[in-house]
Structure formats: structure tokens, C-alpha cells
2 protein chains.
Amino acid sequence: MEKKKYNISVEATLEVIGGKWKCVILCHLINGKKRTSELKRLMPNISQKMLTQQLRELEESGVVDRTFYHELPPKVEYELSEYGHSLEAILHALCNWGETHIIKTYGNKEEYLEKSILNE
Amino acid sequence: MEKKKYNISVEATLEVIGGKWKCVILCHLINGKKRTSELKRLMPNISQKMLTQQLRELEESGVVDRTFYHELPPKVEYELSEYGHSLEAILHALCNWGETHIIKTYGNKEEYLEKSILNE
DNA sequence: CGGTATCCTGTGAGATACTG
DNA sequence: CAGTATCTCACAGGATACCG
């Protein structure tokens with residue numbers, strides 16, 4: 001009987017944050033809770049469907065908390081869960097590397113990067 | 001005229017390591033150069049096609065170096081490039097989080113994880 | 001051994017319209 | 001405002017066979 005599921009531990013990490021948009025969503029949540037509409041604005045290229053879908057999976061993984069305010073119009077807020085905060089070091093590292101990479105690749109990051117996660 | 005390409009810096013990182021197998025490959029290369037056949041053995045679920053494809057993209061991104069030994073039978077070795085080494089902190093963080101996550105989720109990691117990147 | 005070339009399929013993901 | 005439900009399709013990715 002074989003129970004082994006992973007060949008290397010990083011596969012478990014990717015199961016949680018490996019989706020196409022998951023890291024991007026999580027990075028946006030580093031600086032605090034966000035409403036659905038805010039996330040959409042921050043990710044103009046994501047579809048409503050993908051946004052909801054990826055958020056659900058992050059919720060199921062236990063790294064994001066969803067709060068529904070039953071009012072009119074309805075309001076929903078997403079934020080890193082307590083467990084999700086354990087990903088912060090990784091998320092910061094990913095953002096920092098990307099910023100350095102952009103500078104290294106394009107020279108002037110201002111023309112290629114809308115905003116920095118670090119000083120938003 | 002609009003030149004902006006990224007909405008957030010992490011997108012640039014994902015462009016380099018965001019493929020389905022790229023992080024796994026890179027993690028295996030942390031501990032030194034590997035032959036194609038070794039990588040296949042370490043990743044029993046990856047197809048020949050995907051392995052080659054992902055390696056090519058990592059090469060084009062400049063994070064992996066490929067060395068071809070023109071002998072019989074032919075021999076190819078892959079390793080982190082100098083630039084690729086700048087990803088090491090991220091890769092280690094991803095592996096460590098995964099290991100902790102497995103333990104947290106399953107209790108006994110031995111049954112779910114083939115081997116640890118940390119003590120291979 | 002390492003890699004390409006075909007073929008073929010599943011599904012990731014967009015567009016659109018609708019609901020509470 | 002936030003989220004479903006369909007419909008649709010491109011393409012990621014598997015299986016197989018062949019090449020230097």
C-alpha cells in the first residue's frame with residue numbers, strides 16, 4: 001500500500017499557492033483586507049470567474065478568510081488567515097525578486113510596473 | 001502610449017518560475033547539477049516533453065544553464081545559473097513551507113513525502 | 001541518452017447573461 | 001456588489017513513435 005503523495009515538499013506548497021493568480025491575490029492581501037471590487041481593480045486582467053474560483057481555493061486551503069456582510073449592496077472582504085500569514089515571507093520574497101528582475105531586465109521599472117507592493 | 005506590463009512585481013517572478021513544474025525542477029537543482037535522466041527519476045510524473053519544455057523556458061529566462069557533452073551516449077547536465085542562484089532563498093522558503101504544511105496537514109510527513117530537499 | 005515531431009484529448013479560462 | 005451558470009474554445013499537456 002502506497003500513501004506517498006509528494007516527491008518533494010515544494011509540491012505541497014504549489015498545491016496551495018500554485019494557481020495562475022493565487023500568488024498575485026495573496027500579495028495584494030499582504031497589506032490588509034480587500035473587497036472583491038478592490039481586487040478586481042488591482043487585477044484588471046482577471047475575470048470575475050477566475051477571481052472567485054481562486055479565492056475559493058485559497059479559502060479551502062485555509063490561507064484566506066472571507067467575511068460576508070449581509071447588507072445592501074452586499075459587501076465581501078478577503079484577508080490573509082492566521083495560517084496565511086505564514087506565507088508572508090515567501091510572498092515578500094517573490095515580490096522583491098520580481099522587482100529586482102524588472103529593473104535588471106528593463107532598467108527603468110517605472111515604465112513597466114504599475115505599482116510596488118512595498119510602498120502601496 | 002502604454003508600456004506598462006505588470007500590475008504588481010510578483011507577476012514578473014511568476015513569468016520566470018510560474019510554470020507547472022518550474023519550481024520543482026529548480027528545487028532539485030539547488031543541490032547541484034543534474035542529468036536529464038536524474039531529473040526524470042526525481043520527477044516520475046513529468047513527461048519527457050514537459051521536462052524538456054520547462055527546462056528550455058528556464059534556460060531562456062537565464063536561471064538555468066545547460067551543458068551538452070557530445071559523446072556516446074550523449075550527456076546533458078542542467079544547473080542553476082549565476083542568476084538562478086538569486087532564487088535560492090525563495091526556493092528554500094517554498095520547500096520549507098511545504099514540509100511544515102505536510103506535517104501540519106498529515107501529522108507524519110514520512111508517509112506522504114518521498115524525501116526532503118533539505119537532507120538529500 | 002536526450003530530444004523532437006505528431007497526434008489527440010481534457011480542461012483552464014474567457015464571454016455573456018442571470019440572481020439575490 | 002458579489003457571485004453563479006452556461007457555453008465555448010484554445011491550448012496545455014499526455015501518449016506514442018521516431019532521430020542523432
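Bear in mind that the values here come from a model prediction, so they are computed numbers and not experimental data. Chain letters run A, B, ... following the sequence lines, proteins first, then strands; residues in each count from 1. All heavy atoms count here, side chains included; hydrogens, waters and symmetry mates do not.
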For atom [atom1] of [X] and atom [atom2] of [N], their distance in whole Å:
X      : N       : atom1 : atom2 : result
E57(B) : dA12(D) : CD    : C1'   : 11 Å
Q48(B) : dA5(C)  : CD    : P     : 13 Å
F68(A) : dA2(D)  : CZ    : P     : 10 Å
M50(A) : dG3(D)  : CE    : P     : 15 Å
K75(A) : dG20(C) : NZ    : C1'   : 19 Å
K20(B) : dG13(D) : NZ    : P     : 6 Å
H70(A) : dC1(D)  : NE2   : P     : 17 Å
N45(B) : dA12(D) : CG    : C1'   : 17 Å

I want to check one thing: is the phosphate of [N], taken as OP1 and OP2, less than 4.0 Å away from some side-chain N or O of [X]?
X      : N       : answer
R66(A) : dG3(D)  : yes
S47(A) : dG14(C) : yes
R35(A) : dC1(D)  : no

Using ring centroids (six-membered ring only for Trp), state whether H101(A) and Y83(B) fall under 6.0 Å.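 Centroid separation for Y83(B) and H101(A): below 6.0 Å.
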To the side chain of [X], which of [options] is closest?
X      : options                 : value
K49(B) : dT6(D), dA15(D), dG3(C) : dA15(D)
T52(B) : dC7(D), dT4(C), dC1(D)  : dT4(C)
S37(B) : dC1(D), dT4(C), dG2(C)  : dG2(C)

Establish, from distance only, whether the side-chain atoms of E59(A) and Y78(A) form a donor-acceptor pair under 3.5 Å.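 No, no side-chain donor-acceptor contact under 3.5 Å.
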E57(A) and S61(A): side-chain donor and acceptor closer than 3.5 Å?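 Not at all, the side chains of E57(A) and S61(A) share no donor-acceptor pair under 3.5 Å.
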Is the backbone N or O of E11(A) less than 3.5 Å from a side-chain atom of E15(A), with the two atoms forming a donor-acceptor pair by type?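 Such a contact is absent between E15(A) side chain and E11(A) backbone.
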Which part of the nucleic acid, if any, lies within reach of Y69(B) when heavy atoms closer than 4.0 Å are counted: base, sugar-phosphate only, or nothing?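 The answer is nothing, as Y69(B) stays clear of every strand by at least 4.0 Å.
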Look at all strands and tell whether Q53(A) reaches a base, only sugar-phosphate, or nothing, counting heavy atoms closer than 4.0 Å.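 Answer is nothing: Q53(A) stays at 4.0 Å or more from every strand.
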With a cut-off of 6.0 Å (strictly less than), are more than 12 heavy atoms of other residues, nucleotides or ligands near CD of E82(B)?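 No, the 6.0 Å shell around CD holds no more than 12 heavy atoms from other groups.
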